[in-house]
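If you read the sequence from its start, that first residue is 1, and numbering goes on from there.
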Amino acid sequence: KAWNGPTNVFHDQNNWASGSLPCGADNVTFQSTWTPSAVFIQNNVNMKRLNLPMDGVILLGESITLSFDYNTTSCTGGRTGQNSIYKGQDPGDWDNPQNWKVYDSQNSLVGTKTWATTDRLPCETDSVVFPARSAPSVRLNHPVKVASMQVDNTALTQTSLSKFLGSTPGQGQFKLPSSEAITITGTTCTTKSCSCGNYAYQVLRAACSFLGSCLAVDGCRQPVTLAGDCCAYCGGLLNVTIDGTFSRSVFEQKVKSFFGSQAYKIHLVDPKLVQVLLNGQNGDVAADNLVADFKKAPSLYTLPVSPSVVISKSLAPLVPVEIVTREVTVTPKPIFVTEEGGQIVTDRNGNPEQVECTRPEEQKGSGSSSSNNVPWFLVAGLGVLLLIVFIILIVYTITRRRIEKKASSDLTSVHFIHNRSHSLGGKSTTELVGEGGIFDEPEIYESLDEVQIGPPGHGGVINPTYNQTAKYQGSIQ
């Protein structure tokens with residue numbers, strides 16, 4: 001598979017803002033918003049001035065010459081010099097099937113219209129080629145495996161590839177999560193057909209994101225999906241057992257000759273199974289006809305003599321994928337009203353399905369409006385909410401009353417002495433305990449009548465801050 005995506009080549013007029021190549025009288029400038037990348041100059045260039053970017057790589061072809069002439073004012077054809085701005089191309093995604101072309105062993109281009117989406121991307125047994133003298137611009141967000149890889153006519157080993165991807169020129173051409181993102185397996189396909197192996201969900205999802213919307217499939221009852229493909233189709237799907245003699249090219253040629261213009265797709269799931277999708281409203285009938293032809297001459301299709309063939313009209317994809325479809329109008333199901341007042345609704349297969357409905361006379365019977373019928377779960381929920389609020393209010397009221405009662409009881413049994421000026425060893429109580437007269441361990445009395453006024457022969461009150469031994473020094477005990 002050969003890269004067919006964006007390249008940054010100096011002599012490609014699509015890479016210039018003006019749509020034309022610069023001449024010898026032009027100032028060449030790289031666009032200010034240009035993503036740091038690599039530019040390949042493959043031929044001799046004449047210009048007046050070259051303004052290099054702040055970051056990036058310029059690859060020069062072999063034996064080319066860059067010429068600068070500050071005196072040149074006009075180009076061939078009489079055009080005056082101007083600022084030619086190189087805009088380049090943003091990296092193309094590895095997972096975009098449109099960025100790859102497929103060639104056979106004789107280097108002949110192979111059409112991929114009949115291939116599954118992921119088969120169009122490089123597979124583990126594929127040789128990947130990036131054209132020489134092109135400076136490809138590639139983006140890859142996940143690890144991949146390929147049989148071999150060639151860049152600028154050079155076949156790379158795993159060691160040389162990692163070294164190249166880690167270099168400045170390599171980083172200018174390949175935007176990868178790491179230099180080890182691409183693995184060379186060296187394993188090629190040794191049979192006439194090999195399965196691709198691109199079944200990772202992220203690969204399929206990424207590939208499908210580049211292909212736009214799928215066609216609407218509301219015209220059929222059971223759309224079918226080919227493994228490794230993005231869209232569902234109206235038609236038939238065959239699972240065909242194969243062996244080592246199977247050849248995709250021979251098989252596809254025979255299928256094409258059998259159906260002519262009938263749209264189809266072929267996908268090799270694994271070495272023992274191939275899928276055939278027959279598109280169209282009559283695809284299921286075409287599948288039956290193809291099975292009959294398989295049985296007549298299986299060798300012409302490179303199938304086993306007794307192939308195990310299964311026709312499936314509703315096979316789910318082997319890999320989960322989000323199908324992107326455009327918005328379509330779906331035809332309503334036909335409804336038939338019975339004499340008993342019920343209704344019959346057809347299912348997807350057209351079979352009637354009995355569904356009860358309300359008779360018109362029942363809606364008028366009680367004179368009540370449907371807007372008055374409040375759902376029971378709303379009523380129950382409202383009742384539970386009111387009950388919770390009521391319980392919270394009761395608990396709050398009881399708790400508050402208990403706190404207030406306790407505070408009142410504490411205040412009646414403790415006496416604080418404020419600013420007493422009774423004599424105590426020549427010092428007042430306020431001087432001993434500070435402003436406010438609050439004691440660390442005050443004596444508690446039920447009334448002031450019980451307070452003992454000093455020891456015999458001394459005035460003052462019994463004071464915990466008074467240390468008789470310390471002789472009025474007021475030390476705290």
Side-chain angles (χ1 to χ4, degrees), residues 1 97 101-106 108-121 123 125-126 189 191-198 211 214-217 219-319:
K1 293 186 172 74
K101 286 185 176 181
V102 181
Y103 294 86
D104 59 19
S105 57
Q106 285 75 39
S108 299
L109 186 64
V110 177
T112 58
K113 184 178 180 180
T114 61
W115 290 29
T117 304
T118 55
D119 288 349
R120 296 164 59 186
L121 302 176
C123 307
T125 58
D126 286 340
C189 183
T191 62
K192 296 180 180 180
S193 296
C194 293
S195 58
C196 184
N198 282 336
L211 300 183
C214 297
L215 298 177
V217 291
C220 57
R221 295 176 181 173
Q222 294 176 314
V224 292
T225 305
L226 191 72
D229 208 33
C230 299
C231 300
Y233 298 90
C234 294
L237 185 68
L238 301 180
N239 288 336
V240 184
T241 301
I242 60 177
D243 57 18
T245 63
F246 178 79
S247 171
R248 179 191 174 107
S249 58
V250 174
F251 181 82
E252 185 168 349
Q253 289 175 3
K254 182 61 178 176
V255 171
K256 184 177 181 179
S257 64
F258 185 82
F259 286 110
S261 60
Q262 173 80 32
Y264 65 90
K265 282 192 174 186
I266 298 174
H267 174 61
L268 189 63
V269 179
D270 57 48
K272 295 184 179 181
L273 179 65
V274 64
Q275 285 187 332
V276 182
L277 177 94
L278 300 170
N279 193 11
Q281 294 290 341
N282 297 321
D284 51 351
V285 176
D288 289 332
N289 295 335
L290 184 58
V291 170
D293 203 57
F294 284 165
K295 295 180 177 179
K296 288 180 181 177
S299 59
L300 296 180
Y301 291 90
T302 64
L303 298 176
V305 176
S306 300
S308 174
V309 178
V310 177
I311 300 177
S312 175
K313 300 178 183 178
S314 59
L315 180 67
L318 300 183
V319 180

Heavy-atom side-chain proximity of [X] to [Y] below 4.5 angstrom:
X    : Y    : answer
R248 : T114 : yes
N198 : C123 : yes
L277 : Y264 : no
S195 : P271 : yes

Pairing residues for [X] by the side-chain hydrogen bond (donor to acceptor under 3.5 Å, both in side chains) criterion, not counting sequence neighbours:
X    : value
Y301 : D293
T125 : none
S247 : S249
T117 : D229

Listed once per pair and sorted, the ring pair (Phe, Tyr, Trp, His ring centres under 6.0 Å) pairs that draw on residues 222-244, sequence neighbours left out: none
Over all atoms of both residues, closest heavy-atom pair of H267 and A116: ND1-CB, 3.7 Å
Non-hydrogen atoms of L237 and T225 that approach each other most closely: CD2-O, 3.7 Å
Just jot down the side chain to side chain contact (heavy atoms under 4.5 Å, CB included) partners of [X], sequence neighbours excluded, or say none.
X    : answer
K101 : N4, Y103, L109
S108 : D104, Q106
T245 : D243

Spacing of L303 atom CG and I242 atom CD1 [to the nearest 0.5 Å]: 8.0 Å
Set of salt bridge (Lys or Arg N to Asp or Glu O under 4.0 Å) partners for K254, sequence neighbours left out: none
